[in-house]
Amino acid sequence: MDNKNTDIKVPLISKIAYGMGDVGCNFSWMFVGNFLMIFYTDVFQISMGAVAALMLFSRFWDAINDPVIGSLSDKTHTRWGRYRPWLLVAAPLTAIVLMLSFWAHPDWSPTAKIIYMVITYCILVLGYTCVNIPYGTLCGAMTQNIEERAKINTFRSVSAMIAIGIINIITVPLISSLGKGNDKRGYLLVAVIYGCIFAACHIFCFAKTKEAVEIPEKKKISLKTQLSAVIQNRPYLIAAAGQFLFGLTLYGRNADALYYFTYVEGDQSLFSTYSLCIIIPSIIGAACFPPLFRLTNNKGRAASIFALMTGISMVCMYFFSVESSPVSFYVFSCLAQFFFSGFNTAIYAIIPDCVEYGEWKTGLRNDGFQYAFISLGNKIGMAIGTSVLAAVLGACGYAANQQQNGAVLAVMKHSFTTIPGILWIVTAAVLFFYRLNRKAYNQIVQEIQERKGEQAGRP
């Protein structure tokens with residue numbers, strides 16, 4: 001491999017295009033995370049127990065396909081690079097599966113419903129993996145400049161927060177408007193629209209980004225060797241633990257949100273109001289990561305601070321409600337979202353740096369494989385968060401589209417406030433021990449380049 005300069009400035013259009021990739025991701029995965037569970041139970045009319053079992057089962061599927069897709073993306077060779085072609089091919093196919101996943105058949109037998117749910121969801125997860133792992137890995141392939149990576153991930157996070165805000169604001173009224181009183185039709189039409197957005201955003205990302213960091217050609221490396229290299233990468237292990245807790249907390253709370261506003265607050269439309277209130281704090285919070293990084297010189301410490309403040313804000317939300325104290329409820333909601341958005345930027349900015357550390361420590365660079373395990377940890381957290389929520393709600397007597405008992409309402413409220421709040425504080429404690437600061441990272445990259453220069457100069 002040529003020892004070319006990879007400490008480069010990334011053009012603005014490429015940063016925007018990379019950010020649009022996460023817009024697409026959220027129009028798929030955040031829509032799934034926030035709305036699929038209540039779609040299954042209240043529209044498709046599948047039992048809570050079946051939904052809980054699916055969420056756990058799907059993670060065994062993830063455990064297989066995530067590392068496989070990560071390794072395949074590392075081995076991909078095209079004139080467009082290793083990771084970008086996956087966006088071009090996999091995104092349109094996954095968009096079709098997204099549409100099929102929200103095609104309800106409430107008149108089918110319980111067995112037929114469950115079979116359809118399992119098949120479409122598992123294929124959807126596989127498709128999303130084929131897009132998201134190469135997309136996430138692409139950031140580290142665009143530049144090795146730590147400041148540029150922080151900026152790229154800020155564009156990604158700001159774009160994601162805008163997308164999430166839009167999705168949460170418009171989805172409920174859009175389902176009502178397009179469905180004209182028929183939620184089955186409404187969900188399907190929204191899935192068609194979001195699927196097209198998902199595909200278009202990733203095609204744009206493919207077209208306007210460029211891979212500058214090459215992975216050295218190497219012989220086939222065994223899974224044991226790759227796992228051994230991962231175990232030696234302490235910053236990566238901390239980041240993986242943070243991603244697991246992130247998935248557990250975020251997706252469990254997101255799955256609960258629509259239940260919370262529908263049954264605890266008594267008005268599903270309040271979910272759109274809540275989402276409208278937090279969109280500006282989301283954008284500002286995401287943009288605040290670079291200055292906090294400059295202040296701390298450590299992305300992990302910045303993420304830890306954001307996580308701690310998110311947790312405190314969410315615990316405070318428990319003591320207020322929209323009906324009794326709307327101002328306090330929305331103030332703490334905005335604070336929680338502000339700090340969460342900063343965390344969201346920081347946690348993804350950490351990952352490419354861990355790849356460099358791993359290459360420096362072990363001599364092995366396997367971006368896609370490492371990102372796959374980060375993704376797997378996030379998805380395992382998501383599975384546990386959503387399946388435990390579904391299982392507990394089912395055990396407490398949840399009944400779709402009816403007035404819920406006190407135990408169910410208590411679970412919904414705690415799952416929206418105190419439980420995620422405590423988990424965010426735990427996440428902050430874990431990430432506090434991340435030691436790879438700016439000075440150490442720059443020294444590592446310099447040593448890697450020197451090694452490559454020495455290898456290139458040998459006869």
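Because only heavy atoms are used, hydrogens play no part in the values below, and waters and symmetry mates are left out as well, while side chains stay in.
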Verdict with reasoning, I193 to F27, per side-chain contact (heavy atoms from CB on, under 4.5 Å):
CA-CA 9 Å; I193 294 170; F27 268 94; over 6 Å; no
Within the side chain of [X], is there an N or O that forms a donor-acceptor pair under 3.5 Å with the backbone of [Y]?
| X | Y | value |
| --- | --- | --- |
| R84 | F206 | yes |
| T76 | L72 | yes |
| K9 | E148 | no |
| S304 | G300 | no |
| T120 | S101 | no |
| N344 | A286 | no |
| E356 | Q144 | no |
| D22 | S157 | no |
| S14 | V10 | no |
| T345 | S341 | yes |

Could you state the interatomic distance from [atom1] ([X]) to [atom2] ([Y]), rounded to the nearest 0.5 Å?
| X | Y | atom1 | atom2 | result |
| --- | --- | --- | --- | --- |
| I350 | L436 | CD1 | CG | 9.0 Å |
| I170 | S177 | CD1 | OG | 11.0 Å |
| M99 | L124 | CE | CG | 11.5 Å |

A quick test of your reading: do over 12 heavy atoms of other residues, nucleotides or ligands sit less than 6.0 Å from OH of Y116?
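Check passes, neighbour count above 12.
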Surrounding NZ of K184 (heavy atoms of other residues, nucleotides or ligands, distance under 6.0 Å), is the total greater than 12?
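Atom NZ in K184 is packed in, count exceeds 12.
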Residues in ring-ring contact (aromatic ring centres under 6.0 Å, His included) contact with F289, at least two apart in sequence or another chain:
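For F289, the residues satisfying ring-ring contact (aromatic ring centres under 6.0 Å, His included) (neighbours in sequence not counted) are F293.
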With sequence neighbours left out, what residues match Y357 under ring-ring contact (aromatic ring centres under 6.0 Å, His included)?
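So Y357 forms a ring-ring contact (aromatic ring centres under 6.0 Å, His included) with W360.
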Classify the side-chain pair [X]/[Y] by whether it contains a donor and acceptor separated by less than 3.5 Å.
| X | Y | result |
| --- | --- | --- |
| Y194 | T171 | yes |
| S282 | Q337 | yes |
| K15 | T154 | no |
| Y263 | Y398 | yes |

Is the distance between the ring centroids of Y251 and F246 under 6.0 Å?
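Judged by ring-centre distance (under 6.0 Å), F246 and Y251 do not meet the cut-off.
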Run the ring pair (Phe, Tyr, Trp, His ring centres under 6.0 Å) test on F44 and F102 for me, step by step, so that the C-alpha distance in whole Å, both residues' side-chain angles and the decisive distance to 0.1 Å come before the verdict.
CA-CA 9 Å; F44 210 161; F102 282 89; over 10 Å; no
side-chain contact (heavy atoms from CB on, under 4.5 Å), that's the test. Do L138 and E211 meet it? Break it down for me.
CA-CA 7 Å; L138 177 60; E211 296 180 30; 3.5 Å; yes
Dump the intermediate steps for side-chain contact (heavy atoms from CB on, under 4.5 Å) on Y274 and S333, then the final yes or no.
CA-CA 8 Å; Y274 164 81; S333 295; 3.5 Å; yes
Students often mix this up, so state it plainly: with edges at 30° and 60°, are the rings of F306 and F339 parallel, tilted or perpendicular?
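Tilted: the ring planes of F306 and F339 meet at 30° to 60°.
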Run the ring pair (Phe, Tyr, Trp, His ring centres under 6.0 Å) test on F35 and F39 for me, step by step, so that the C-alpha distance in whole Å, both residues' side-chain angles and the decisive distance to 0.1 Å come before the verdict.
CA-CA 6 Å; F35 292 90; F39 166 80; over 10 Å; no
Quick one, T41 with Y259, criterion side chain to side chain donor-acceptor pair (under 3.5 Å). Give me CA distance, side-chain angles, the key distance, then yes/no.
CA-CA 11 Å; T41 60; Y259 289 103; 2.8 Å; yes
Quick one: list whatever passes salt bridge (Lys or Arg N to Asp or Glu O under 4.0 Å) with D353, sequence neighbours left out.
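Salt bridge (Lys or Arg N to Asp or Glu O under 4.0 Å) list for D353, sorted by chain: R149, K299.
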For the residue pair R301 and Y434, would you count it as a cation-pi contact if the rule is NZ or CZ under 6.0 angstrom from the ring centre and within 45 degrees of the ring axis?
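That pair does not qualify as a cation-pi contact.
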Passes ring pair (Phe, Tyr, Trp, His ring centres under 6.0 Å), F343 versus W424? Steps please.
CA-CA 10 Å; F343 173 86; W424 276 118; 4.8 Å; yes
Given the rule in the side-chain contact (heavy atoms from CB on, under 4.5 Å) test, do K361 and R234 qualify, once you have shown the distances and angles that lead to the verdict?
CA-CA 10 Å; K361 181 80 173 178; R234 188 170 184 269; over 6 Å; no
